[in-house]
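Below you'll find the structure, written out as C-alpha cells, and then a few comments.
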Amino acid sequence: MEIYITGDLHGDLRRFQPEIFYEQEALTKEDIVLVCGDFGCVWHGDERDDEGLDWLEGCPFTTAFVTGNHENYDALRKSPLQEWRGGSIRRIRPSVILLERG
C-alpha cells in the first residue's frame with residue numbers, strides 16, 4: 001500500500017488530474033490519498049456534490065480525508081458511521097472516506 005498526502009482542496013480536484021498526479025497510473029484502490037483537512041467536496045450535501053465525488057470514485061486510488069475548517073459538517077454527518085481498519089469512518093462513496101476524529 002502506498003500513501004500520498006495533500007490538503008486544502010477546497011473542492012478543487014484539479015491536482016488529481018492524471019497529467020498532474022501521474023503517479024496514480026500505478027495505484028490501486030488499496031493505495032490511499034490522504035487529504036489533511038479542507039476537503040470541501042461534500043459542500044452542498046446533495047446531488048450538486050455528485051459530479052466531483054463520482055469522479056473521485058472513478059480514480060484508481062482510495063481517497064481518505066479528515067475534516068478541516070472548510071467543510072459542511074451537517075452534510076458529512078448524513079453518512080452513517082462505520083468501522084474501517086480499526087477506526088470510525090463515514091463512507092461518502094465506496095472509495096471516498098471521511099476519517100472521523102477521536
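For clarity, every value in this text was computed on a predicted model and none was experimentally measured.
Counting only heavy atoms from C-beta outward, the side chains of E71 and L76 approach each other to under 4.5 Å. At a threshold of 4.5 Å between non-hydrogen side-chain atoms, the residues W84 and R91 count as touching. In this structure the side chain of R101 reaches within 4.5 angstrom of the side chain of T67, judged on heavy atoms. F39 has its side chain out of reach of L98: every pair of non-hydrogen atoms, C-beta onward, lies at least 4.5 Å apart. Proximity of E100 to R90: side-chain heavy atoms (C-beta onward) are separated by under 4.5 Å at one or more points.
No path of Ile, Leu, Val, Met, Phe, Trp and Tyr side chains, each step under 4.5 Å between heavy atoms, connects I3 with V33, placing them in separate hydrophobic clusters. The cluster map of Ile, Leu, Val, Met, Phe, Trp and Tyr, joined by side-chain heavy atoms under 4.5 Å apart, puts V35 and L13 in the same cluster. At a threshold of 4.5 Å between side-chain heavy atoms, the hydrophobic network of Ile, Leu, Val, Met, Phe, Trp and Tyr places L9 and V96 in one connected group.
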Assess the residue pair V42 and N72 against the criterion (side chain to side chain contact (heavy atoms under 4.5 Å, CB included)); give the C-alpha distance rounded to whole Å, side-chain angles, the decisive distance to 0.1 Å, and a yes or no.
CA-CA 7 Å; V42 181; N72 182 334; 5.7 Å; no
Begin from the C-alpha positions of I89 and E83 and carry the test side chain to side chain contact (heavy atoms under 4.5 Å, CB included) through to its verdict.
CA-CA 6 Å; I89 66 160; E83 187 172 316; over 6 Å; no
So R15 and T6, side chain to side chain donor-acceptor pair (under 3.5 Å) or not? Walk me through it.
CA-CA 10 Å; R15 72 182 73 176; T6 189; 2.6 Å; yes
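With L34 as reference, L99 is the one residue of I97, L99, T63 to meet the side chain to side chain contact (heavy atoms under 4.5 Å, CB included) rule.
The CD1 atom of I92 lies 11.5 Å from the CD atom of E57; values are rounded to the nearest 0.5 Å. A distance of 12.5 Å separates CG in D12 from CG in D38, rounded to the nearest 0.5 Å.
For CZ of R14, the number of neighbouring non-hydrogen atoms (other residues, nucleotides, ligands) closer than 6.0 Å is 12 at most.
Between the side chain of D31 and the backbone N or O of F61, no donor-acceptor pair lies under 3.5 Å.
S95 and K29 share a donor-acceptor pair across their side chains, judged by distance under 3.5 Å alone.
Of all heavy-atom pairs between G11 and C41, the closest is CA-SG, 3.7 Å. The nearest pair of heavy atoms linking I5 to C36 is CG2-SG, 3.6 Å.
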For residues 44-51, tabulate all N or O donor-acceptor pairs below 3.5 Å that involve a side-chain atom, not counting sequence neighbours.
from, atom 1, to, atom 2, distance (Å)
D46, OD1, R48, N, 3.0
D46, OD1, R48, NE, 3.0
D46, OD2, R48, NE, 3.2
D46, OD2, R48, NH2, 2.8
D49, OD1, W43, N, 3.2
D49, OD1, H44, N, 3.1
D49, OD2, W43, N, 3.3
D49, OD2, H44, N, 3.2
D49, OD2, G45, N, 2.7
D50, OD1, R93, NH2, 2.8

Under 3.5 Å, which donor-acceptor pairs do the side chains of residues 16-25 form with other protein atoms, sequence neighbours left out?
from, atom 1, to, atom 2, distance (Å)
Q24, NE2, F16, O, 2.8
Q24, NE2, F21, O, 3.1

